[in-house]
Amino acid sequence: MSRVIALANQKGGVAKTTTTLNLGVALVEGGYAVLGIDMDPQGNLTMSQGLNPDEVHPSMFNVLVQGIDIRDVIYRREIDLAVSSIDLAGADLALSSVIGRERALSKALMGVRDQYDFILIDTPPSLGLLTINALTASDAVIVPVQCEYLSLRGLAQLERTLELVRENLNPAVHIGGILPTMHDSRTIHGNEAIDILRKSFGDLVFDTVVKKTIKFAEAPVHGSSILAYAPQSDAAEAYRALAREVLNGKKI
Ligand SMILES: Nc1ncnc2c1ncn2[C@@H]1O[C@H](COP(=O)(O)OP(=O)(O)OP(=O)(O)O)[C@@H](O)[C@H]1O
Ligand SMILES: [Mg+2]
């Protein structure tokens, strides 16, 4: 059975999508079968593998709302990828009257859980129904945070949402790890943010810190991960290190 991990943080632009893809590819390098799921109507994970969310059909919308087989929306790329399209933005509304609407993803995954070692779910920057579906389907959550004071404040809200999901939908889901991203070690601010993070969350914070680098802006343009685009880079190594931490299972 696969381990299902959601990448979540309601703050935008903290590297949820970047981490979903690059952690996934690092696990594939290690010989594991990985499925990525794009639960974001922005479709950034879908785009990052050279697919166009405006053209793919069917997509996760049809899986969640119409209950079609998730295998019909999976494309084989660096990782296997269940794609998003813009109509996913209407999934909240379309699901609102459906009984068991929070469990649509969890149900969809049942048919593929024995085919993958890891299922990584990329979520949108909100705590709406798509993210709730991801948390309900997951064993653990990885929370990427940008190394800035303001980013740290959003964690309390995420934890409250997780508490509600645990009480009502999925008692097992927990924060498996907090990943500091876009770290600029040249600034006092960046280093202080990491100190605060470690003081507040202790062992929950991964040892791996992903530094800020321009390479991350370049890789998606090529429709590839940082591991394929710049395999020897510090950035690629950081995601391999993260994969090792996930695999040794201390936290997740
Ligand atoms: N370590 C890094 N250094 C520099 N840029 C990065 C790094 N990680 C990610 N980025 C860039 O920051 C931007 C935001 O990253 P990403 O899309 O992964 O965030 P996100 O949390 O998924 O955003 P959203 O909330 O909109 O879904 C992207 O342009 C990405 O290429
Ligand atoms: Mg994203």
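One-based numbering, in listed order, for ligands and for the atoms of each. Note that the structure is a prediction, hence the values are computed from the model and not measured. Below, each value reflects all heavy atoms present in this structure, side chains not excepted, and no hydrogens, waters or symmetry copies.
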**OP:** Note the single closest protein heavy atom to atom 13 (C) of ligand 1, along with its residue, its atom name and the distance in Å.
**Re:** Met182 CE, 4.4 Å

**OP:** Scan residues 125-141 for pairs that pass side-chain hydrogen bond (donor to acceptor under 3.5 Å, both in side chains), counting only residues two or more places apart or in two chains.
**Re:** Arg113-Asp139

Subject >> Close N or O approach (Lys212, ligand 1; < 3.5 Å) >> reply: no

Subject >> Side-chain heavy atoms of Phe118 within contact of Leu23, under 4.5 Å >> reply: no

Subject >> Nearest-neighbour protein heavy atom for atom 25 (O) of ligand 1, which is reported as residue plus atom name and distance >> reply: Lys16 NZ, 2.8 Å

**OP:** Please indicate whether any nitrogen or oxygen in Ile214 is less than 3.5 Å from any nitrogen or oxygen in ligand 1.
**Re:** no

**OP:** Any atoms of ligand 1 less than 4.0 Å from a non-hydrogen atom of Asp40? List them with their elements.
**Re:** 27 (O)

Subject >> Test log, rule side-chain hydrogen bond (donor to acceptor under 3.5 Å, both in side chains), inputs Asp122 and Thr17 >> reply: CA-CA 6 Å; Asp122 187 25; Thr17 303; 2.7 Å; yes

Original post:
Under 3.5 Å between some N or O of ligand 1 and some N or O of Thr18?
Top reply: yes

Original post:
Between the side chain of Thr20 and the main-chain N/O of Leu120, is any donor-acceptor distance below 3.5 Å?
Top reply: no

Subject >> Side-chain heavy-atom pair Thr123, Leu7 within 4.5 angstrom cut-off >> reply: no

Subject >> Lys211 near ligand 1 by a heavy-atom separation under 4.0 Å >> reply: yes

**OP:** Could you tell me the residue and atom name of the protein heavy atom closest to atom 31 (O) of ligand 1, and the distance to it rounded to 0.1 Å?
**Re:** Phe216 O, 2.9 Å

Original post:
What count do you get for protein N/O/S atoms less than 2.8 Å from the Mg ion (ligand 2)?
Top reply: 1

Subject >> atom 29 (O) of ligand 1 touched by protein (heavy atom, under 4.0 Å) >> reply: no

Original post:
Is any side-chain N of the basic residue among Glu218 and Lys215 closer than 4.0 Å to the acidic one's carboxylate O?
Top reply: no

Original post:
Tell me, which protein residue and heavy-atom name are nearest atom 26 (O) of ligand 1, and how many Å apart are they?
Top reply: Gln42 NE2, 3.3 Å

Original post:
Can you find a protein heavy atom under 4.0 Å from atom 7 (C) of ligand 1?
Top reply: yes

Original post:
Looking only at protein heavy atoms, which one is nearest to atom 3 (N) of ligand 1, and how far off is it?
Top reply: Thr213 N, 2.9 Å

Subject >> Nearest-contact summary for atom 23 (O) of ligand 1 - protein heavy atom, Å >> reply: Gly13 N, 3.0 Å

Original post:
Based purely on interatomic distance, does Thr19 place a nitrogen or oxygen under 3.5 Å from a nitrogen or oxygen of ligand 1?
Top reply: no

Subject >> Side-chain touch Glu167/Leu164, heavy atoms, less than 4.5 angstrom >> reply: yes

Original post:
Of the protein's non-hydrogen atoms, which lies at the shortest distance from atom 17 (O) of ligand 1, and what is that distance?
Top reply: Thr17 CB, 4.1 Å

Subject >> Arg166/Glu163 salt bridge by N-O under 4.0 Å criterion >> reply: yes

Subject >> Shortest non-hydrogen contact from Leu21 toward Ser48 >> reply: CD2-OG, 3.6 Å

**OP:** Looking only at protein heavy atoms, identify the closest one to atom 19 (O) of ligand 1 and say how far it is in Å.
**Re:** Ala15 N, 3.0 Å

Original post:
Can you check whether Leu227 reaches Glu78 side chain to side chain, under 4.5 Å on heavy atoms?
Top reply: no

Original post:
Checking Glu102 side chain against Leu169 main chain: does a donor-acceptor pair fall under 3.5 Å?
Top reply: no

